[in-house]
Structure formats: C-alpha cells, structure tokens
Amino acid sequence: MSTAGRDLRVRFAPSPTGELHIGGARTALYNWLAARHADGAFLLRIEDTDAERSTPENVAQIIEALEWLGLDWDGDVVFQSESEAAHREAVRDLVERGLAYHDTSTADDVREWKEKEGADRGYRGTPSEDGEGAVRLRVDDQGEEVVRDLVRGEIRFPNRSLDDFVIARADGSPLYNLAVAVDDAAMEVDLVIRGDDHLSNTQKQQKVLEALGAKVPEYAHAPLIHGTDGKKLSKREGAASVQGLRDDGYLADAVVNYLALLGWGPEDDETVMDRQELIDRFRPEEIGKSSAVFDEKKLRWLNGRYMRAMTPEAYVEAVATFLDREPDQPLVDACAIAQEKAQTLGEVWPLIAFLFEPPVDDPKAWRKVMKGDAPTALEAAREALAGLGDFGPESVEKALEPLPERLGLSAGKVYQPVRVAITGTTVSPGIFESVAALGREETVSRIDDALGRIASREGEEA
RNA sequence: GCCGCUAUCGUCUAGGGGUUAGGACGCCGGAUUCUCAGUCCGGAAACCGGGGUUCGAAUCCCCGUAGCGGUACCA
C-alpha cells in the first residue's frame, strides 16, 4: 500500500543495537498511535549507518519486538544506509553553496580554540584550501535556533553556543545529523516523536533542513524513562527490553497499555485502555514533560487485568505458546482453573504443574500443614472421594464441604492438608476445582502417599 | 565546564491563583466462614527550597538546589 499523501506521516527510526529497549518501544508506540489516530502513515527507518552495531541480527530484534507488540508499519522498511548517495549529494550541495566547508582541525584543536574563545562559544573553523578534512556546517554567531516542540513549546538555542558541527567525515561519509535531516525530508515526515535525548540534535537537524531549503517537521520530545533508582533504565534492571517482558510472561496488549501511560494519560485518568481507545484518545501534545519511572508492579497489575479479561480460548493459546506446549484438552482444563489466579503467563505453570507432574517438594508447606489433625482430615477426605461417582467440581465440593463440621475442624485445617497432599505446596487454584481436575484415582493415590509419608515420619520421631 | 530539559503521595499522574490537592499501582487494615491470587470496603501517603507579584500561590515570575539529557570525523 502506498504511504504517499497521507495526512500525517511519522516515523520510528531506531538504530539497531540489540533488543528493543522499552524507551524505544514507547517511542515507537507514540508514533504508531499518532499515525493511526490521524489515519496517517507510520514509517520504519533503520538507522544503520554505523556498520559496527548494525548487524542483521540486531535489525531482526527490532522487527521482532515491533511485530510482537503489534505495531505494524506502513510500506517497506527503510534502511538509512541505502540512501547514502543522497546524503553525499546533500553534503556536496551545501559545500558548493558555501553553507558548509572542509576543515582539517582535530578535536584537540577545537578544545584549544574554545579555551581561547570561551566555553560557551561554539567552534568556528577555517576552511581548508584543498578540500581536505571533515565537512562542517556553518553556524551563525548571531541569533538562535528555535525548536517548536509540541510538548514543551518553544525551546531556544543560542547559535553562539553551537559548534560548526561536522556533517561528513574526512573520507566523505555522512554523519547522523545530516542523514536524519535528509531522510526525514525525503520521506516527507511531518511529525517527529522521539526521546528527550534528541533535543539537542534537533537544533542541528533543523539547521541542516533549513540550509537544504527543506521543510522542518514538527517535533514532540518525550521525556526519558528511568529505572527505579531514578537513573537511566539499564538493561540489567529486570525486564528492560520488550523481549524481556515477553519472556517474563507479559501480554503485548498490557505492555502497550502500560507503555502508553508512561508519560501520557487521558484527561479522565482512565487506566485500562485497549488499542482502539488508545488510538482514539492519544494526542502527542498531551505527552507529559517530566521523566517517568518504569514500575513493574503496575505493569503486573495491568497484565493481570488483561489475563482475566481474555476469552478461555485466547488464554489457552497464550499459555500454550508461552509454555511451548500443545493446547490439548489437559491444558485447556488446567487453564480453566488457573485463569483467575495468575498475573503473568509465567505464573501459570506453577499453579497447574501438579496436574502434569508429581507434587512438588515443599518442606515448609509440609511442616506448616501436615501436622496435628492433618491425618484425620486426609483420611476423611480420602473416604469421601474414593467412592464418588461423578467427579466434577460441584460434586467434589458437595463431598468435601461437610467434613470440617463433622470433624470439628476449621475449613482450613481440612482443605490445606488436601492441597498439600495433591500439589505438594500451599498455593494452588481452588481446592475443589483442583481435586476435580486431578481426577479421583490420582487424588486418592496422592492422599495415600501423603498419609504414608506422615506415618513414616512420625515413626522416625518416636 | 558549556548548552538544554524537568520538578505534585514510594511510583504513574490529575489539577493550574481561593480545592477537604482527585484517581491508579504499591503498602496497611477489614470482608469474601479453603491457601494464594482476585474482588469489595476502609486507611496512611505529595505540591523541592527561598524570594517576589497578589487580599490570597501548589498554581504566575525570579533565583537557588537537585535530577536528567546532550556536549564525537557514534547513532
């Protein structure tokens, strides 16, 4: 489908450095929301001019993360490296028109120059006679560059403090701020939504655009996302990448919802919003000004909301995919009793494993529960269940429910031993559902095993 | 150092000259006479500091302070 002539054209332009960081993911999401809201085009451009880190693997990581998040882009993926000819042409043009010049000075030269001229004074070079050296864009000493930002209003950068910055290396290869400006113009990008860390690049890119006589897009700089320590979110910290979130069992829908809220919120403070609501309500000018801290607790809560809201079919499919198992009947039955309990896909298996494997070994649970009247309760439960015809949850409940009163025990004293007997631990789905799902034979057998274990333990102690 | 951005509960945020400063997560307590989770109810919890302007400032202005970003012949 053609992306030309759409009302609003935005782009996500990551450099492929590995897994997609959640900051990048949010930037992608904001661009996507803005595009879909305006029925515009969401373009994807890979900034791969640095051959060092731009490996095919790293590019694939970005694509994979965007696909998982469901952020579909319009048209083909654009690789910045493929427009190098255009970048070089732009540099040549600027030099020819005297707006840029070759300069052989080194970083040390620049430092020296500033020591003489003042630290707040941008470097001004001397054009080399022979066309040798890197290419620098000429910057006026007077005036200022005004960036009109949708989030912050007008931001003023004094020209005096900006270097004649390098737009191409001595070998002629174009640099980032030149390439971005040229590409944004070529792709007819109208709105650039990106992280705060690009604010000082924006003044440079605007200068290139202006020198080239190209239209300057609108900008919206979103504040950076920080870790719990208030610093820049590091890869170390929990699941800082989209892939990490996925592997921890978070749902793409929940991640999208949560990320949208990190730095933006609708007027009425609504928290749970599906994609369509997000699209309907998102406006880039409503992005907040101050940086946000990634809070996994809130993501977990939100994820739980989405987990519980899924249809049973979707739930089974998600769990099966996550566990890399077949969505067969046993798994369907297991999911049915676990859906209300888990906050993430990663928490599902521990709740249902007892249906597929022997009970786990949890000494603490045994110590706490398998004492006192536990054998009495287990005997009674065994008896009530062993002869039961229909073994559905309702009839299991009917069989077990009179026991506490009959034995003169609290409900917990009866049910917890049964739970530990069949699962090995104290945490599981509802006891009646769990017993029913396990089946009569296996339940009775596990109760017998537990009884035997208690007996032999007491024998040892005596 | 220089240039820039930001500042409301622990966290995400609403509000924007006169409000009991609202909501959400988390936390604490209670209920749901099976654990955990969920759900419901209740609670504690915030306007960085100092000066202005004003009858009145969390809100507007200035100055500090703190945090963050940038400062490459990286992207």
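Here is the naming used below: chain letters follow the sequence lines, and residue numbers restart at 1 for every chain.
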Q: Taking A/Asp171 for its side chain and A/Ser173 for its backbone only, find out whether a donor-acceptor pair lies under 3.5 Å.
A: yes
Q) Given A/Val256, which of A/Leu261, A/Leu69, A/Leu33 fulfils the side-chain contact (heavy atoms from CB on, under 4.5 Å) condition? A) A/Leu69
Q: Determine the Euclidean distance between corresponding P atoms of B/G52 and B/C68; express it in Å to zero decimal places.
A: 32 Å
**Q.** Nucleotide B/G4, atom P - distance to CZ of A/Arg160 in whole Å
**A.** 12 Å
Q) Across the strands shown, which category fits A/Thr202 at heavy-atom distances under 4.0 angstrom: base, sugar-phosphate, nothing? A) nothing
Q.
Before we go on, tell me: are the rings of A/Phe282 and A/Trp264 under 6.0 Å apart, centre to centre?
A. yes
Q) In whole angstroms, how far is the P atom of B/G10 from the NE2 atom of A/His226? A) 18 Å
Q) How far does the C1' atom of B/U65 sit from the matching atom of B/G49, given to the nearest Å? A) 7 Å
Q | Given B/C12, B/U6, B/C74, the nucleotide with the shortest approach to the side chain of A/Arg152 | A | B/U6
**Q.** Whole-angstrom distance between B/U20 and B/C27, as gauged at atom C1'
**A.** 23 Å
Q.
Does either side chain, that of A/Tyr258 or that of A/Asn303, offer a donor lying less than 3.5 Å from an acceptor on the other one?
A. no
Q) Contact class for A/Ala107 vs. all strands (heavy atom < 4.0 Å): base, sugar-phosphate, or nothing? A) nothing
Q | Separation between the C1' atoms of B/U54 and B/A58, rounded to whole Å | A | 15 Å
Q | Residue A/Asp269, side-chain atoms from C-beta onward, closest of B/C12, B/G22, B/A75 | A | B/G22
Q | Complementary nucleotide for B/C47 - Watson-Crick or wobble, under 3.5 Å | A | none
Q | Closest nucleotide among B/C12, B/A75, B/G69 to the A/Asp197 side chain | A | B/G69
Return a table of donor-acceptor pairs under 3.5 angstrom between the side chains of residues 345-352 of chain A and protein atoms on other chains or two or more places apart.
residue, atom, partner, partner atom, Å
A/Glu347, OE1, A/Gln343, N, 2.9
A/Glu347, OE2, A/Arg300, NH1, 2.3
A/Glu347, OE2, A/Arg300, NH2, 3.0

Q) For B/C60, which nucleotide in any strand shown is its Watson-Crick or wobble partner with both distances under 3.5 Å? A) B/G52
**Q.** Nucleotide paired to B/G69 in any strand shown, Watson-Crick or G-U, under 3.5 Å
**A.** B/C3
Q: Would you give a per-nucleotide map of nucleotides 25-38 of chain B, 5' to 3', where B means the base has a protein non-hydrogen atom under 4.0 Å away, S means only the sugar-phosphate does, and - means neither?
A: BS-------BBBBS
(Q) Between B/A75 and A/Asn201, counting only base atoms on the nucleotide and side-chain atoms on the residue, is there a donor-acceptor pair under 3.5 Å? (A) yes
Q.
My understanding is that only one of A/Thr202, A/Asn159, A/Leu99, A/Ile167 makes a side-chain contact (heavy atoms from CB on, under 4.5 Å) with A/Lys207; could you say which?
A. A/Asn159
Q: In whole angstrom, give the distance that lies between atom CD of A/Gln339 and atom C1' of B/U39.
A: 15 Å
Q: Please state how far atom NZ in A/Lys204 lies from atom C1' in B/C73, giving the value in whole angstrom units.
A: 12 Å
Q: Assess the side chains of A/Ser15 and A/Glu47: does a donor N or O sit below 3.5 Å from an acceptor N or O?
A: no
Q) If you take all heavy atoms of A/Ala100 and A/Val135, which pair is closest and at what distance? A) CB-CG1, 3.8 Å
Q. Starting at CD1 of A/Ile225 and ending at P of B/U13, how long is that distance when rounded to a whole Å?
A. 9 Å
Q: Hey, which sits more toward the 5' end of RNA chain B by its nearest nucleotide, A/Ser161 or A/Ser291?
A: A/Ser161
Q: Please state how far atom OH in A/Tyr219 lies from atom P in B/G69, giving the value in whole angstrom units.
A: 22 Å
Q) Which of these nucleotides, B/A75, B/A24, B/U6, is closest to any side-chain atom of A/Thr271? A) B/A24
Q) What integer number of Å spans the C1' atoms of B/U8 and B/U19? A) 14 Å
**Q.** Inter-nucleotide P distance (B/A66, B/G50), Å rounded
**A.** 16 Å
Q) Roughly how far apart, to the nearest Å, are B/G10 and B/A45 at atom C1'? A) 9 Å
Q) Could A/Glu218 and A/Arg148 be called an ion pair, given the rule that one side-chain N must be under 4.0 Å from one carboxylate O? A) no
Q) If you check the A/Phe157 side chain, which of B/U6, B/G4, B/A75 turns out closest? A) B/G4
Q) With both distances under 3.5 Å as the test, what is the Watson-Crick or G-U wobble partner of B/U35? A) none
Q: With a 3.5 angstrom cut-off on both distances, give the Watson-Crick or G-U wobble partner of B/G16, or none if there isn't one.
A: none
Q) Roughly how many Å is it from OH in A/Tyr101 to P in B/C73, rounded to a whole number? A) 12 Å
Q: Assign A/Arg300 to base, sugar-phosphate, or nothing according to its heavy-atom contacts below 4.0 angstrom with the strands shown.
A: nothing
Q: Would you tell me if any nitrogen or oxygen in the side chain of A/Arg169 comes within less than 4.0 Å of OP1 or OP2 on B/C74?
A: yes
Q) Do A/Asp362 and A/Thr425 meet the criterion of a side-chain donor-acceptor pair at a distance under 3.5 Å? A) yes
Q) Considering only side-chain heavy atoms of A/Leu262, which listed nucleotide, B/C12, B/A75, B/C5, is closest? A) B/C12
Q) Which one is paired to B/A24, where only Watson-Crick or G-U wobble pairs with both distances under 3.5 angstrom count? A) B/U11
Q | Opposite nucleotide pairing with B/C40, Watson-Crick or G-U, both atom distances under 3.5 Å | A | B/G30
Q: Pick the C1' atom in B/A24 and in B/A46, then give their distance to the nearest Å.
A: 15 Å
Q | Protein-nucleotide distance (A/Asn257, atom CG; B/U13, atom P), rounded to Å | A | 14 Å
